[in-house]
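Remember, it's a predicted structure, so these values are computed and weren't measured experimentally.
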There are 4 protein chains.
Amino acid sequence: MHDQQKEERRQDILTTVWQLFQTTSYETVTIAGVAEAAGLAKGTIFLYFKTKEALFLALLEQQLGSWFASIDAGLLALEGTGDILKITTLLCEQLASRPGLTRLLAILHTILERNIHLDEAIRFKYLLKEHFEQTGHLLERCLPFLKSGQGAHALLQCDALVIGFWHLSDTAPVVQQAFQQPELHLFEIHFVTELSIAMQALLYGLEKSAQLPSQP
Amino acid sequence: MHDQQKEERRQDILTTVWQLFQTTSYETVTIAGVAEAAGLAKGTIFLYFKTKEALFLALLEQQLGSWFASIDAGLLALEGTGDILKITTLLCEQLASRPGLTRLLAILHTILERNIHLDEAIRFKYLLKEHFEQTGHLLERCLPFLKSGQGAHALLQCDALVIGFWHLSDTAPVVQQAFQQPELHLFEIHFVTELSIAMQALLYGLEKSAQLPSQP
Amino acid sequence: MHDQQKEERRQDILTTVWQLFQTTSYETVTIAGVAEAAGLAKGTIFLYFKTKEALFLALLEQQLGSWFASIDAGLLALEGTGDILKITTLLCEQLASRPGLTRLLAILHTILERNIHLDEAIRFKYLLKEHFEQTGHLLERCLPFLKSGQGAHALLQCDALVIGFWHLSDTAPVVQQAFQQPELHLFEIHFVTELSIAMQALLYGLEKSAQLPSQP
Amino acid sequence: MHDQQKEERRQDILTTVWQLFQTTSYETVTIAGVAEAAGLAKGTIFLYFKTKEALFLALLEQQLGSWFASIDAGLLALEGTGDILKITTLLCEQLASRPGLTRLLAILHTILERNIHLDEAIRFKYLLKEHFEQTGHLLERCLPFLKSGQGAHALLQCDALVIGFWHLSDTAPVVQQAFQQPELHLFEIHFVTELSIAMQALLYGLEKSAQLPSQP
DNA sequence: AATGAATGAGGATTCATTCAT
DNA sequence: TATGAATGAATCCTCATTCAT
């Protein structure tokens with residue numbers, strides 16, 4: 001079996017998992033279910049992914065790759081504009097079109113990274129670093145107030161916003177019911193909307209901070 | 001047994017849980033452990049708290065109450081100053097001095113709210129609303145650019161930042177090891193530091209946004 | 001529920017396991033099977049025994065208790081006789097009438113003791129020590145050549161013989177088939193017979209050794 | 001590929017397994033590990049050995065061959081002496097210098113013989129028979145009280161002792177900890193020491209038994 | 001002869017929660 | 001009001017072995 005075939009099978013598994021994950025939660029997706037849906041034996045799954053977490057991490061890598069690619073393309077077109085609104089819209093819309101990605105990001109630190117091997121952790125973090133730095137670089141060329149290295153850092157701050165607002169917006173069923181009470185609509189968060197607002201404000205604020213003389 | 005005695009026992013349980021939670025994780029704290037530490041039977045715990053999640057939610061309520069009280073006091077002293085830096089420092093330092101609070105906030109939406117009853121959800125959300133609106137009000141008086149109602153909303157945005165940065169900073173052991181690799185220190189997040197920076201930028205940005213003519 | 005009832009249920013479980021163990025192997029006995037046969041939930045079994053190994057260890061304790069009791073009674077009747085043959089016969093026949101005991105002894109060190117908690121290990125070893133010393137004492141009074149403490153030691157040597165000969169006699173099915181070959185009957189070991197012969201020789205030898213002046 | 005080459009490769013595999021087995025347990029040695037260490041594919045291992053058990057059985061054959069050779073040489077020098085102490089010392093020291101051999105003997109009947117094919121079982125048992133009879137013969141010439149055929153039988157009894165004392169001395173980690181308790185040192189068995197004592201006694205006893213008029 | 005991808009069986013264990021007493 | 005015995009769901013992963021190439 002050639003490497004190409006192996007890669008194809010790996011992709012098959014990832015595609016299967018991705019489909020299952022769309023309609024259910026991480027917990028609901030079981031290896032047994034994945035194997036059955038993929039027409040493989042349980043053990044075969046583990047031949048391609050050491051743990052369930054590593055499997056979903058690979059999924060995240062793909063989605064992240066896709067997202068960063070879109071962002072990079074978009075940022076190139078915005079080079080030098082300094083248009084925070086357009087940049088925010090770009091980031092958020094590309095995220096909104098990948099609902100699964102956000103859910104994966106939201107469980108990355110609490111679940112996915114909790115049961116992987118060191119080598120996987122290192123590889124993933126380096127990959128992430130590459131993305132952050134490359135896209136951060138592009139971001140710096142769009143937003144001149146960002147100095148070298150601050151682009152990646154800004155992306156990290158956006159990541160925090162994504163995770164945070166996802167948690168706020170992805171409410172449990174009981175909480176949904178509670179929201180039927182009057183005056184509680186305050187907490188009904190529309191993810192993309194709120195994320196956009198906050199991200200925009202954050203970038204404006206970074207611009208302002210850059211203009212200030214010093215920060216201890 | 002008088003209501004007072006019941007309340008005392010309820011407090012005893014909460015105090016016990018709080019102590020256990022300080023040194024371990026939510027998962028590690030078991031009802032059996034709580035019962036033993038409190039000198040009660042397992043079943044008794046459930047007489048005071050319907051579920052484990054409700055128990056921790058009560059804990060969160062207390063800590064939140066304490067935090068909001070401090071914030072309120074602090075904001076009163078900053079009324080009208082518009083000093084974003086001081087406000088940010090206030091919010092973050094009061095959070096930094098309550099490590100358990102942050103950890104509870106980080107699991108509020110993914111765990112605590114997932115297994116409580118409707119009445120508890122409603123009560124908690126109303127309580128939260130009260131806090132958000134009262135403190136939001138005070139915030140509005142400190143930051144004149146915040147219109148009525150925007151104070152609570154700003155606090156919500158801060159909440160998102162807290163959750164997000166906690167996830168980014170609370171890394172799994174393997175990831176900690178991975179960080180020993182060169183050039184990965186980018187991801188080593190010091191919670192309070194990063195939270196402060198982002199929160200400050202966010203508030204600056206909200207100020208800037210308020211000055212802009214319109215927002216679609 | 002009184003302690004007595006708890007003890008009864010504990011006994012029920014042990015009895016159930018004992019019955020299952022009679023007709024199958026340790027591996028074949030599953031907790032699920034035990035629970036079903038006992039009309040209990042799986043979790044309930046673990047309420048009475050921390051691990052599967054601890055469950056079988058309790059079984060062994062009972063059987064050992066019974067065996068030692070019979071031996072003690074028998075040895076009392078042989079006090080001062082120095083009749084090695086009768087003693088050997090006593091030990092072996094009491095063992096032969098408890099087939100399960102031998103099987104448990106044979107897996108004690110390789111399986112049972114491998115997954116128990118320290119407190120259980122300590123308790124079991126002290127229990128064993130008690131038995132060895134008490135019965136060893138009686139043995140010393142039957143066999144005058146045994147000095148103080150040597151009785152327990154002799155029992156330990158017998159234990160080794162029991163384990164060893166059980167392994168030699170409890171042959172795998174394939175090996176059974178192999179024994180249909182001519183001239184291989186050498187290896188067809190009848191457990192009790194061979195154990196008796198060796199144990200008798202061992203005791204004779206200990207007597208002889210005692211008469212020798214010194215052993216480095 | 002010539003038979004000679006095949007035999008060489010077979011030896012390579014055995015050598016590799018032997019090295020791995022020295023530092024770990026039977027369970028820890030995996031076919032995958034053996035294949036990797038030997039620079040072969042997993043499937044290749046099974047071309048030379050039908051099962052994992054057959055592989056270790058071959059190992060045991062080699063070690064046994066080596067041990068019996070040493071014993072034979074030693075017994076020749078002791079011919080006619082009737083010196084039980086020297087014989088015991090010979091047997092035990094040659095065993096002590098081959099720690100892996102004892103470990104293999106201890107799992108021979110419970111593991112190795114459980115998953116081999118009939119032809120292998122037959123071959124192994126015949127091989128064993130050869131050894132037992134040849135060395136048994138030599139033993140008979142050292143110990144005149146042993147009648148024809150009793151030498152092999154005595155070796156079988158020694159085998160039982162080896163297995164039994166190995167189990168008693170090879171204690172689980174928890175049990176090791178338990179032995180830190182006072183008064184439990186009774187169970188801390190030094191394998192070679194105890195084996196020597198018991199084997200010597202056994203042989204003395206066989207001598208004594210031979211002098212007795214009759215045995216039922 | 002060598003490969004290595006695929007297989008798939010197999011089971012203990014925890015712990016929040018309930019409810020009879 | 002307090003107890004604590006009983007419940008039972010829920011699933012990952014290893015690794016010897018096979019067999020098509």
- Message: Please convert DNA chain E into dot-bracket. A pair counts if it is Watson-Crick or G-U wobble with both distances under 3.5 Å; crossing pairs go in [ ] and bases paired with another strand get |.
- Response: .||||||||||||||||||||
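Along DNA chain F, the nucleotide nearest Glu27(D) and the nucleotide nearest Thr44(B) are compared for position; the residue whose nucleotide lies closer to the 5' end is Thr44(B). A residue-by-residue look at Lys50(B) and Gly43(A) shows that Gly43(A) has its nearest nucleotide of DNA chain E further toward the 5' end. Residue order along DNA chain E, read from the 5' end via each residue's closest nucleotide, puts Ile45(D) first among Ile45(D) and Tyr26(B).
Aromatic ring centres of Phe21(A) and Tyr26(A): separated by at least 6.0 Å.
Side-chain atoms of Thr24(B) come within 3.5 Å of backbone atoms of Leu20(B) as a donor-acceptor pair (strictly under, hydrogens ignored). Not one N or O on the side chain of Gln62(D) forms a donor-acceptor pair closer than 3.5 Å with the backbone of Leu59(D).
For the atom pair NE2 (His109(C)) and CZ (Arg114(C)), the distance works out to 10.0 Å, reported to the nearest 0.5 Å.
Checked against dT18(F), dT13(E), dT3(E), the side chain of Thr51(C) finds its nearest nucleotide in dT13(E). In this structure, of dC12(F), dA2(F), dA1(E), it is dA2(F) that holds the atom nearest to the side chain of Arg9(B). If you check dA6(F), dT17(F), dA12(E) against the side chain of Lys52(C), the one that comes closest is dA12(E). Relative to the side chain of Leu47(D), the nucleotides dA1(E), dT7(E), dA12(E) differ in distance, and dA1(E) lies closest. You'll find that the side chain of Tyr48(B) is closest to dT1(F), out of dA6(F), dT7(E), dT1(F).
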- Given the rule in the salt bridge (Lys or Arg N to Asp or Glu O under 4.0 Å) test, do Glu120(D) and Lys125(D) qualify, once you have shown the distances and angles that lead to the verdict? CA-CA 8 Å; Glu120(D) 291 167 325; Lys125(D) 286 298 178 186; over 6 Å; no
- Do Glu61(D) and Arg123(D) pass the salt bridge (Lys or Arg N to Asp or Glu O under 4.0 Å) test, and can you show the C-alpha distance, the side-chain angles, and the key distance before you say yes or no? CA-CA 11 Å; Glu61(D) 282 180 25; Arg123(D) 196 184 42 67; 3.0 Å; yes
- Item | Asp3(A)/Arg9(A) under salt bridge (Lys or Arg N to Asp or Glu O under 4.0 Å): CA gap, chis, key distance, verdict | CA-CA 10 Å; Asp3(A) 281 0; Arg9(A) 174 144 292 183; over 6 Å; no
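With sequence neighbours excluded, no residue satisfies salt bridge (charged side-chain N to carboxylate O under 4.0 Å, His left out) with Asp12(B).
The pair Lys52(D)-Glu27(D) does not meet the salt-bridge criterion, since no charged nitrogen lies less than 4.0 angstrom from a carboxylate oxygen.
One interatomic measurement links the two molecules: CG of Leu112(D) to P of dA16(F), which rounds to 13 Å at whole-angstrom precision. Rounded to a whole Å, the CZ atom of Arg10(D) is 14 Å from the P atom of dA1(E). The distance between atom CZ of Phe46(A) and atom P of dG4(E), rounded to the nearest whole Å, is 23 Å. For the pair Phe49(A) CZ and dT14(F) P, the computed distance is 15 Å after rounding to whole Å. Following rounding to the nearest Å, Ile13(A) (CD1) and dA5(E) (P) show an atom-to-atom distance of 13 Å. Rounded to whole Å, the distance from CG on Leu55(C) to C1' on dG11(E) is 14 Å. Atom CD in Gln5(A) sits roughly 16 Å away from atom P in dA20(F) (whole-Å rounding). The distance from atom CD1 of Ile116(A) to atom P of dC13(F) is 13 Å, rounded to the nearest whole Å.
For Asn115(A) and dC12(F), the shortest distance from a side-chain N or O to OP1 or OP2 is not below 4.0 Å.
You'll find the side chain of Leu108(B) stays beyond 4.5 Å of the side chain of Phe56(B), heavy atoms only.
For DNA chain F, the residues of residues 28-42 of chain A within the heavy-atom distance limit of 4.0 Å (strictly under) are Thr30(A), Ile31(A), Lys42(A), sorted by number.
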